[in-house]
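Note on naming: letters A, B, ... go to the chains in the order of the sequence lines (proteins, then strands), and numbering restarts at 1 for each one.
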2 protein chains.
Amino acid sequence: MAASLPSVLVVGTGLLGASVGLKWRSLGGAVYVRDQSPTAAAIAEDLGAGRLWKDGSDAPDIVVVATPPESTAESIVAALREFPDAVVTDVASIKGRIGAQVRELAAKAGITADLGRYVPGHPMAGRERSGPVAARAELFEAMPWIVCPSGDADATHAVETLARRLGGTVVTMTPEEHDSAVALVSHMPQVAASLVASRLTSGHDSSLALAGNGLRDTTRIAGSDPTLWVQILAGNAAAVRPLLAELASDLHGVLEALEDPAAPGARLALARLLDAGQAGRSRLPGKHGTSSERFAHVMVLLDDRPGQLGSLFNVLADLGVNVEDVRMEHAPGREVGAVDLSVQTHLGQSTADELVARGMNAYHVR
Amino acid sequence: MAASLPSVLVVGTGLLGASVGLKWRSLGGAVYVRDQSPTAAAIAEDLGAGRLWKDGSDAPDIVVVATPPESTAESIVAALREFPDAVVTDVASIKGRIGAQVRELAAKAGITADLGRYVPGHPMAGRERSGPVAARAELFEAMPWIVCPSGDADATHAVETLARRLGGTVVTMTPEEHDSAVALVSHMPQVAASLVASRLTSGHDSSLALAGNGLRDTTRIAGSDPTLWVQILAGNAAAVRPLLAELASDLHGVLEALEDPAAPGARLALARLLDAGQAGRSRLPGKHGTSSERFAHVMVLLDDRPGQLGSLFNVLADLGVNVEDVRMEHAPGREVGAVDLSVQTHLGQSTADELVARGMNAYHVR
């Protein structure tokens, strides 16, 4: 066990907490785990995420609070009180509200002076899966980890270092900047995906059988955990609501236009929305932070026999072509599928040509 | 040239029309092409999609009208008049409105008796790309091709056969059923994706830098062609509007709940939406028409060196594991990526174990 690594207590051994434990232990650090559910804590220990905390255990250097958002503030303040020398951080998806709750509880407990030891954090990792069994040491690898500096530079540095060691890319923000950012890129889209997916409950099977990748993509995150998301949306209401209100206003414009598409201005209103959507989409950074428009696509048609993907990627390796992204497209009810490869723009045509020369059914998509 | 294949005239050599031509020629069928833009027609001919139609060319057996929706009806009726023995079909995304326009124009031209020769159709293929240069003979392979039977059984059969030969899976629907189905699985989601993406135009770069796959997925189809989609939405307004009105109503409920999340019933309202979204999502069929919940996921972490994907898929082929789906996940600004493999449920853990045994960084996601 490396003596230089701070010891960590993980409070709350769900997906994030258990993953922190697994990674820290893989680095040789000491980890204790604690959860209000003895079963969850025991599972985490069994998985190797840390040792069960017991009375008499050594006080940790860092406490990582990884409980659901609604109990995070309470756990943070409890940790500040229980471990007067520890740095305390959290991993919750909302920062403003939790910060306000922490300040309130700290004042009541008379430990306002200790608030510098609480450094808010949020690793943007993990998706629809939850619970300790889903935890992975590599969960945070290369994912953004937002850290909100407290007044205490040492404590802040300790949390930033922890986040980096856990694999994250540290992004510094105030709690308000954080809440605005996640409202835009995560919370508002979550609501939209759920709204679209909700319409499918009453669709005919024959309609749903026509669903393509477009609908699947638009509703993918509608599979997220409702209980967690109620807490997130309620906790970040102040930042999310204005975005949804703007969305509702734009939607109202579409409804008006569709009432009489032949009316003056109706088609222009629709065109403006679609244009704005294209413009917004193009602002999203692609892999490595580059514009996603920089890649060419090469489509390769396959059937389902094993071995074809291996052959394809072997050929690509022989050609020295780096695959920037890959997606598979399947048609409902059929064996044939297509692989959509993203390669650097200047390699699109030559890659397709080379694959065709080797007998594959491939073409360059412009 | 196979004498048994009917000859085809493609009117409108965009993505769909030129693809029809390319595929039909690859089967040995005769194809003529026509487009109101001489350049588009010439490009299509150069690409091998067919011969330019000239006065004196042989009358076609089947006319495929592939113009934008706003001019489709006019082109259909013109074809019915010009070629009194031909079957006429179209490929437009909307069927009801075009059918009504066709009946109106046919009545004015005194050719109502010929309407049985018009068999409405819609291949659900093609995405954000457009134009003849993007055309591909395999565009329709394994994709649904909706055919609306006309009163004439021979004409209907001819179009169904054409669609199958072009690679499509024929789905029989009335125009009304078609319009309802595509409104649900395609048009309403398009509006939602554009609404979400529009919010991104005013976001800070620092916020957008945090965008993950969730936002990308939700806004992917916001990249679609605005001009085409104004025609589609306006043309299918009657079917799309009610769905968007329900969405607006649900959204209003969310806005109310977020005004005061602590108010009685507010969290329940949010939970209901998220639950309904989960339920709707689970109704989507997966590959081969099976439930998408039937697959296990195996995550494999890679860096960007060429050759890793080839090794991975070779190992999978050696193991005889069929990859049902594959997605790559990239973290912004970093080299490391993860491959998300979908395999049959019972193979999830063993596949992960085998990959680990071969030195790969893989794990089974439950």
Side-chain angles (χ1 to χ4, degrees), chain A residues 142-144 181 184-185 189 192-198 200-201 203 207 210-211 214-215 217-223 226 229-230 234 237 241 247-248 251 258 261 267 270-271 274-277 279-281 283-284 287 289 306-307 309-310 313-314 317 322 325-326 328 330-331 333-334 336, chain B residues 142-144 181 184-185 189 192-198 200-201 203 207 210-211 214-215 217-223 226 229-230 234 237 241 247-248 251 258 261 267 270-271 274-277 279-281 283-284 287 289 306-307 309-310 313-314 317 322 325-326 328 330-331 333-334 336:
Chain A
M143 306 302 287
L184 180 68
V185 303
S194 295
L195 287 168
V196 172
S198 298
L200 305 180
T201 54
S207 300
L210 301 179
L215 177 60
D217 287 346
T218 309
T219 58
R220 192 175 312 277
I221 58 177
W229 273 93
V230 170
R241 196 182 184 284
L247 205 141
L251 177 54
L258 293 180
R267 285 166 193 252
L270 293 173
L274 293 159
D275 261 350
R281 170 84 184 145
R283 289 201 65 203
L284 289 179
K287 184 187 174 193
L309 283 171
F313 287 107
N314 276 337
N322 210 21
D325 204 350
V326 58
M328 282 191 80
H330 299 290
R334 293 281 294 271
V336 176
Chain B
M143 305 302 287
L184 179 69
V185 303
S194 295
L195 287 169
V196 172
S198 299
L200 305 180
T201 53
S207 301
L210 301 180
L215 178 60
D217 287 346
T218 309
T219 58
R220 192 174 309 276
I221 58 178
W229 273 93
V230 170
R241 197 183 183 285
L247 206 141
L251 176 53
L258 293 180
R267 282 162 195 257
L270 294 173
L274 295 159
D275 261 350
R281 169 83 183 149
R283 289 200 65 202
L284 289 179
K287 182 184 173 196
L309 283 171
F313 286 107
N314 277 337
N322 210 21
D325 205 350
V326 60
M328 283 191 78
H330 299 291
R334 293 281 293 273
V336 177

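Of the residues considered (B/A234, B/A237, B/A271), B/A234 shows the highest number of contacts with chain A, using heavy-atom pairs under 4.5 Å. For the options A/V196, A/D275, A/L184, A/L195, heavy-atom pairs under 4.5 Å to chain B are most numerous at A/L195. Among the candidates B/A193, B/A192, B/G203, the residue making the largest number of heavy-atom pairs closer than 4.5 Å to chain A is B/G203. Looking only at heavy-atom pairs under 4.5 Å with chain B, the residue among A/S198, A/A181, A/A222 that has the most is A/S198.
Contact between B/S207 and A/V185 at its shortest, heavy atoms only, is O-CG1, 3.3 Å.
With rounding to the nearest 0.5 angstrom, the OG atom of B/S194 is 10.5 Å from the CG atom of A/L247.
Checking side-chain atoms of A/R220 against main-chain N and O of B/D217 turns up no donor-acceptor pair under 3.5 Å.
In this structure, the side chains of B/L258 and B/L270 come closer than 4.5 Å at one or more pairs of heavy atoms.
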